[in-house]
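This report refers to the structure that appears directly beneath it.
Heads up: numbering here begins at 1 and tracks the sequence.
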Amino acid sequence: MEATAATLERRVRVIPATRKPEELHRHHDGKMRVAAYCRVSTDSEEQLNSYEAQKTYYTQKIGENPDWELAGIFADKGLSGTSMKKRDNFNKMIAACKRGKIDTILTKSLSRFARNTVDCLETVRMLKAHGIGVIFEKENINTLTESSEFL
């Protein structure tokens with residue numbers, strides 16, 4: 001009986017704890033590299049003022065959080081959200097994510113991020129696979145949480 005217990009003991013392998021998804025790409029100083037994405041759909045003066053207000057808001061919001069570091073403000077103006085191909089700064093932001101330069105993306109709402117549900121889900125899933133979360137402020141969704149895709 002003792003020989004069996006000793007044999008089992010030798011088979012035990014310690015598996016170290018894994019980091020949380022939001023910690024996968026943390027900078028060496030422990031800060032999360034956070035980028036913001038802004039988009040307005042038309043070139044009207046009212047929408048362009050909204051665009052500038054969004055950029056100012058996110059620069060301030062990211063700067064005020066001691067755990068965050070600004071990784072960039074990416075913004076497209078005067079563009080429809082239905083096609084991702086024409087959104088140059090959105091695509092630059094996604095490329096920066098793939099290169100490991102961004103840990104989290106902040107955006108006002110799902111409709112600012114993408115109008116097309118399929119594109120939105122595909123992008124969010126790809127980012128999540130890289131350990132990158134998207135926070136949709138209006139809907140209060142963080143894509144790194146377990147229930148986010150259900151929402």
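Contact between Thr107 and Tyr58 at its shortest, heavy atoms only, is C-OH, 3.1 Å. Nearest heavy-atom pair, Thr104 versus Met32, reported as atom, atom and distance to 0.1 Å: OG1-CG, 3.7 Å. Contact between Ala71 and Ile102 at its shortest, heavy atoms only, is CB-CG1, 4.0 Å. Across Leu110 and Cys120, no two heavy atoms sit closer than the pair CD2-SG, 3.9 Å. Closest non-hydrogen pair, Asn89 versus Ala75, comes out as ND2-O, 2.7 Å. Here the closest non-hydrogen pair linking Asn142 and Gly133 is OD1-CA, 4.4 Å.
Separating the NZ atom in Lys108 from the CD atom in Glu139 is a distance of 10.5 Å, to the nearest 0.5 Å. Here the CD atom belonging to Glu52 is positioned 9.5 Å from the SG atom belonging to Cys38, to the nearest 0.5 angstrom. For the atom pair CG of Leu106 and NZ of Lys61, the computed distance is 6.5 Å after rounding to the nearest 0.5 Å. With rounding to the nearest 0.5 angstrom, the NZ atom of Lys31 is 9.0 Å from the CG atom of Asn65. Note: Lys128 NZ to Thr143 OG1 = 6.5 Å, rounded to the nearest 0.5 Å.
Residues Thr123 and Phe90 are in side-chain contact: their nearest non-hydrogen atoms beyond the backbone lie under 4.5 Å apart. Counting heavy atoms from C-beta on, the side chains of Ile94 and Met126 come closer than 4.5 Å. Looking at Asp103 and Trp68, their side chains never come closer than 4.5 Å, going by heavy atoms from C-beta outward. Two residues are said to be in side-chain contact when any heavy atoms from C-beta on lie closer than 4.5 Å; Val134 and Leu127 meet this criterion. The shortest distance between side-chain heavy atoms of Arg87 and Phe74 does not fall below 4.5 Å. The side-chain heavy atoms of Arg112 and Phe136, taken from C-beta on, include no pair separated by under 4.5 Å.
A donor-acceptor pair is defined here as one N or O able to donate and one able to accept, closer than 3.5 Å; no such pair exists between the side chain of Asp76 and the backbone of Arg39. The main-chain N or O of Gly72 is never found under 3.5 Å from a side-chain atom of Arg33 such that the two would form a donor-acceptor pair.
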